[in-house]
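Structure first, then comments.
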Amino acid sequence: MLINHHQFRNKLVSMNKSSRCFFLFLTFLLHLTTVSSQAWDGVVITQADFQGLQAFKQGLVDPFNYLQSWNGTGLDACSGAWTGIKCVLGKVIAIQLPWKGLGGHISEKVGQLTALRKLSLHDNLIGGQIPQSISFLRDLRGVYLFNNRFSGSIPASIGNCLLLQTLDLSNNLLTGSIPTSFSNNTKLYRLNLSYNNLSGEVPAGLTNLPSLTYLFLSNNNLSGSIPDSWGETNKSYQLNTLYLDHNSLSGSIPASISNLHSLEQLSLNNNQLIGIIPSEIGNLSRLQTLDLSKNFINGDIPETIGNISSLFQLDLSGNNLTGEIPLSIDNLANLTSFNVSNNNLSGPVSPLLSRKFNSSSFAGNLQLCGYSASVPCPLAPSPSVIPSPSTPSQPATRKLNTKELILTIVGISFLFLLLLFCALISFLFRKSGDKTGTDSVKKGTAAAKSTGKGGKASSAAGSDVTSSGDTGGKLVHFDGPLAFTADDLLCATAEIMGKSTYGTVYKATLEDGSQVAVKRLREKIAKNQKEFETEVNALGKLRHPNLLALRAYYVGPKGEKLLVFDYMPKGSLASFLHARAPDTPIDWPTRMKIAICVARGLLHLHAEASMVHGNLTSANILLDDKSNAKVSDYGLSRLMSATANTNMIATAGALGYRAPELSKLKKANPKTDVYSLGVVILELLTGKSPSDTTNGLDLPQWVASVVEEEWTNEVFDLELMKDAAAGSTTGDELVNTLKLALHCVDPSPAARPDMQQILKQLEEIKPEVVESGEGPSSAGEAEAAGDAGGSEGKTE
Ligand SMILES: *[C@@H]1O[C@H](CO)[C@@H](O)[C@H](O)[C@H]1NC(C)=O
Ligand SMILES: *[C@@H]1O[C@H](CO)[C@@H](O)[C@H](O)[C@H]1NC(C)=O
Ligand SMILES: *[C@@H]1O[C@H](CO)[C@@H](O)[C@H](O)[C@H]1NC(C)=O
Ligand SMILES: *[C@@H]1O[C@H](CO)[C@@H](O)[C@H](O)[C@H]1NC(C)=O
Ligand SMILES: *[C@@H]1O[C@H](CO)[C@@H](O)[C@H](O)[C@H]1NC(C)=O
Ligand SMILES: *[C@@H]1O[C@H](CO)[C@@H](O)[C@H](O)[C@H]1NC(C)=O
Ligand SMILES: *[C@@H]1O[C@H](CO)[C@@H](O)[C@H](O)[C@H]1NC(C)=O
Ligand SMILES: *[C@@H]1O[C@H](CO)[C@@H](O)[C@H](O)[C@H]1NC(C)=O
Ligand SMILES: *[C@@H]1O[C@H](CO)[C@@H](O)[C@H](O)[C@H]1NC(C)=O
Ligand SMILES: *[C@@H]1O[C@H](CO)[C@@H](O)[C@H](O)[C@H]1NC(C)=O
Ligand SMILES: *[C@@H]1O[C@H](CO)[C@@H](O)[C@H](O)[C@H]1NC(C)=O
Ligand SMILES: *[C@@H]1O[C@H](CO)[C@@H](O)[C@H](O)[C@H]1NC(C)=O
């Protein structure tokens with residue numbers, strides 16, 4: 001009894017909550033029978049049951065004499081004297097003889113025990129067939145015959161046991177097919193037929209049993225397709241676990257599996273499934289484990305998998321999947337086990353996934369890159385592979401694109417070889433000049449640069465044009481220390497740093513080891529070529545120590561556009577502030593310095609370049625090693641079509657930096673930049689991200705509400721309060737900065753200060769920062785400082 005109890009408890013420990021009721025049911029049975037053994041109801045066993053038990057004993061082989069007590073006249077059979085027998089009113093209701101080393105077989109006469117509810121003989125050596133007469137046991141609820149040697153087929157007559165709740169026949173030698181009569185067993189809760197040698201199809205009747213919660217059919221020899229009628233006739237379908245792995249199932253994964261709203265575990269691995277993963281799988285919102293490994297599944301990994309927020313184990317390895325790993329998988333915060341190895345996937349692995357999982361999760365996909373240092377992504381192929389969510393692309397056209405891409409790469413490589421060949425020829429023929437030949441093709445721009453200012457002065461736009469004419473692309477350099485050809489750029493290894501409405505940003509490492517940030521603009525969002533070039537040339541001329549310099553741009557033969565910027569190793573203010581390790585406080589002077597730098601950059605934009613930023617967030621404020629801030633993404637709206645800008649404004653709004661009037665205006669102006677700067681300063685003061693709303697209030701509203709309640713100190717980041725307590729900052733500085741920030745986020749644009757006033761006030765609040773600050777605040781000198789900032793970038 002006790003052992004029994006433990007066994008069930010152990011078996012059930014691995015299950016979850018919903019199997020509790022099952023456990024309770026067992027406990028109830030055990031309790032009931034315990035009572036009867038302690039206080040026998042006194043009713044002597046019926047003749048039929050007595051004969052049934054005698055036959056049952058005769059069928060078995062009992063090498064350890066556990067059934068020794070089953071002797072004599074049987075008057076005491078129900079008294080508790082007979083090992084493993086429980087009765088109620090002279091009828092046997094339970095036979096429990098697990099782990100008794102029993103052999104032999106079960107007699108057909110067991111059918112005489114017509115009140116039997118539970119038959120537990122697991123972990124013995126019993127063989128032979130499962131008796132047909134089981135159909136007479138109309139009260140049967142639990143049958144535990146796992147870990148034995150039963151052979152033959154499962155009797156179809158089991159469909160008469162209408163109260164059956166648990167049937168565990170796993171790990172036997174059963175053959176034949178799964179009876180269709182299981183559709184009669186509407187009370188079935190757990191059906192475990194795994195580890196047998198069952199063949200034939202999975203009966204459709206199993207797909208609609210309303211109470212079935214655990215269905216284990218793994219490790220058999222089942223064939224045919226998986227039925228496509230899951231949960232169709234019953235909305236309250238309970239199925240929690242569906243294991244069909246290690247069989248010979250063919251056909252495709254039925255979309256109706258997505259009707260199983262309670263499903264938490266789905267294993268279809270090690271079969272011969274073909275076809276695609278249905279996108280409906282994303283509807284399985286409770287799914288925790290999805291194992292489709294080792295099949296022949298093809299097509300793309302559906303984007304909708306990213307909707308299954310509870311997923312923590314995803315194994316798609318060993319299939320024939322193509323396309324990219326959808327970025328939506330990055331959303332799966334609980335994902336701790338992930339494997340897409342041995343497929344036919346392509347494109348870059350997102351930085352998040354490559355950080356979380358080691359390369360054995362990705363290996364065996366020839367065209368997949370970026371998941372380990374030894375498989376870097378080439379800049380040229382990856383951008384074209386990046387899907388652009390803005391363009392309404394049908395999944396069907398994706399394959400074509402891949403083919404097209406391969407052709408393009410082959411074409412480009414061929415042309416590049418041709419280019420090298422031409423260069424070599426020209427070298428052999430010209431034999432003149434100090435730097436010619438292949439080297440000059442690659443380093444030509446560098447040579448032009450190092451010859452001094454003459455080269456720069458000669459080009460009217462202040463920029464060098466290197467057109468890699470053979471590929472049809474055009475690379476335009478502005479000033480700056482980095483010199484590279486279009487081919488250098490396209491052959492650089494790249495790693496995705498981030499994505500925005502305008503495009504994807506890569507960190508590209510050039511052949512000479514230098515690093516640049518490359519923004520690849522989304523297709524079809526830029527203005528036409530002529531207008532684009534006018535605007536981008538204007539942007540390329542802007543230089544200020546607090547504005548990220550645009551160093552070059554590239555327009556490819558098909559109109560693809562790359563913008564090349566300085567690479568900022570310390571990343572964005574957003575990650576500096578919100579994604580830092582514990583115990584790395586950011587002190588007040590640093591925060592103030594960042595605010596002042598940003599204000600200087602914006603002032604230069606507003607006053608000198610007559611330009612608005614339009615999309616300032618902490619994500620596009622970048623930091624150098626000394627925490628000097630540089631504003632990026634400014635003026636990009638000028639490169640884009642009107643539609644793209646409308647979309648961008650909508651996105652910025654979602655992040656909490658957008659001035660309220662922009663919902664009507666749709667066009668940014670200097671006062672909307674002031675609002676965004678106000679939010680950034682509040683972010684610096686509170687340490688809170690504007691994307692986290694508190695009680696439905698955005699950051700400015702929340703701060704205003706706290707200040708109104710005169711709890712001003714509560715708004716500040718705790719670290720700053722510690723600074724203030726330690727005397728390294730005065731409370732006045734914090735409060736005055738807070739007042740200024742609140743002024744900037746005034747709902748009325750007219751009430752907001754302009755950038756000049758903001759900078760002046762910030763510098764008054766914290767004069768030390770001005771002295772130690774990098775750039776002079778006057779715009780005239782800033783031009784000169786721009787180049788200095790640039791060369792600094794190079795030495796890092
Ligand atoms: C029946 O079993 C009981 C308990 O094992 C034992 O004490 C008794 O001697 C047995 N009687 C016969 C007739 O074998
Ligand atoms: C299903 O149950 C009904 C009784 O409700 C019985 O008559 C029928 O034979 C059963 N079917 C099978 C295949 O066992
Ligand atoms: C089903 O049977 C297998 C093999 O005996 C066992 O490993 C598994 O835990 C069982 N599952 C359930 C839910 O009974
Ligand atoms: C499984 O059953 C098939 C017949 O259906 C038989 O040929 C095969 O040997 C059996 N395999 C095992 C491991 O029992
Ligand atoms: C699976 O079933 C097929 C017949 O359907 C049989 O030939 C094969 O031997 C079986 N495999 C095993 C491992 O039992
Ligand atoms: C659907 O479920 C309800 C209870 O959940 C049950 O009474 C009914 O018989 C089920 N219908 C079918 C067709 O299984
Ligand atoms: C299931 O997913 C599909 C496509 O992913 C969707 O169109 C459908 O509305 C979803 N159905 C339900 C019931 O959620
Ligand atoms: C599921 O994912 C798709 C694509 O990722 C998305 O369009 C859809 O809105 C999502 N559905 C739900 C219910 O989250
Ligand atoms: C993620 O896992 C945690 C801990 O297991 C759990 O509390 C949380 O609900 C899970 N999140 C989702 C979306 O399932
Ligand atoms: C994988 O899919 C491609 C087509 O997408 C097909 O040509 C190839 O034969 C498939 N490979 C396997 C092993 O199924
Ligand atoms: C990978 O996909 C390509 C094109 O879809 C196909 O030709 C190739 O056979 C696939 N490779 C494998 C190993 O399935
Ligand atoms: C992924 O699956 C492959 C087999 O397809 C295995 O070799 C590798 O160890 C697995 N990696 C992880 C992280 O599970």
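The structure displayed is predicted, hence computed values, not measured ones. Every number for a ligand or one of its atoms is a count from 1 in the order of the listing. In this chain, residues are counted from 1 in sequence order.
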Is any N or O atom of Tyr195, backbone or side chain, closer than 3.5 Å to an N or O atom of ligand 3? no

Does Lys57 have more than 12 heavy atoms from other residues, nucleotides or ligands lying within 6.0 Å of its NZ? yes

Ser361 neighbourhood, listing ligand 12 atoms whose heavy-atom distance to it stays under 4.0 Å: 13 (C)

Has Phe357 got more than 12 heavy atoms of other residues, nucleotides or ligands less than 6.0 Å from its CZ? yes

Any idea which part of Phe216 is under 4.0 Å from ligand 3, heavy-atom wise: side chain, backbone, both or neither? side chain

Counting only heavy atoms and a distance below 4.0 Å, can you name the residues contacting ligand 9? Ser309, Ser310, Asn334

Should you measure from each heavy atom of Asn342, which atoms of ligand 12 turn up under 4.0 Å away? 4 (C), 5 (O)

Using a 4.0 Å heavy-atom cut-off, say whether Asp168 meets ligand 3 through its side chain, its backbone, both or neither. side chain

Heteroatom proximity flag, Asn192 to ligand 3, N/O under 3.5 Å: yes

Side-chain (Asn365) to main-chain (Asn343) donor-acceptor, under 3.5 angstrom: yes

Below the 3.5 angstrom mark, is there an N/O of Arg190, backbone or side chain, next to an N/O of ligand 3? yes

When you look at Thr304 and Ser279, which way does the side-chain hydrogen bond (donor to acceptor under 3.5 Å, both in side chains) test go after all the steps? CA-CA 6 Å; Thr304 52; Ser279 67; 4.9 Å; no

For ligand 12 and Lys294, I'd like to know whether there is a polar contact (N/O to N/O, distance under 3.5 Å). no

Short side-chain to backbone donor-acceptor contact, Asn339 and Ser341, under 3.5 Å: yes

Within-cut-off N or O pair, Asn358 and ligand 12, under 3.5 Å: no

Rounded at 0.5 Å granularity, tell me how far CG in Leu345 sits from OH in Tyr371. 10.5 Å

Spacing of CD1 belonging to Ile297 relative to OG1 belonging to Thr322, to within rounding of 0.5 Å: 12.0 Å

Of Asp291, Thr289, Thr241, the one forming a side-chain hydrogen bond (donor to acceptor under 3.5 Å, both in side chains) with Gln265 is Thr289

Ser341 to ligand 12, any heavy atom closer than 4.0 Å: yes

Check ligand 3 against Ser194 and write out every atom of the ligand that is under 4.0 Å from a heavy-atom position of the residue. 1 (C), 2 (O), 3 (C), 4 (C)

Parallel, tilted or perpendicular: which describes the rings of Tyr144 and His122, with under 30° parallel and over 60° perpendicular? perpendicular

Any donor-acceptor pair under 3.5 Å linking the side chain of Asn219 with the backbone of His246? no

With a 6.0 Å cut-off (strictly less than), is the heavy-atom count around CZ of Phe182, excluding the residue itself, greater than 12? yes

Of all heavy-atom pairs linking Asn148 and Ile126, the shortest is OD1-N, 3.1 Å

With atoms numbered from 1 as shown, which atoms in ligand 12 lie under 4.0 angstrom from a non-hydrogen atom of Ser317? 2 (O), 5 (O)

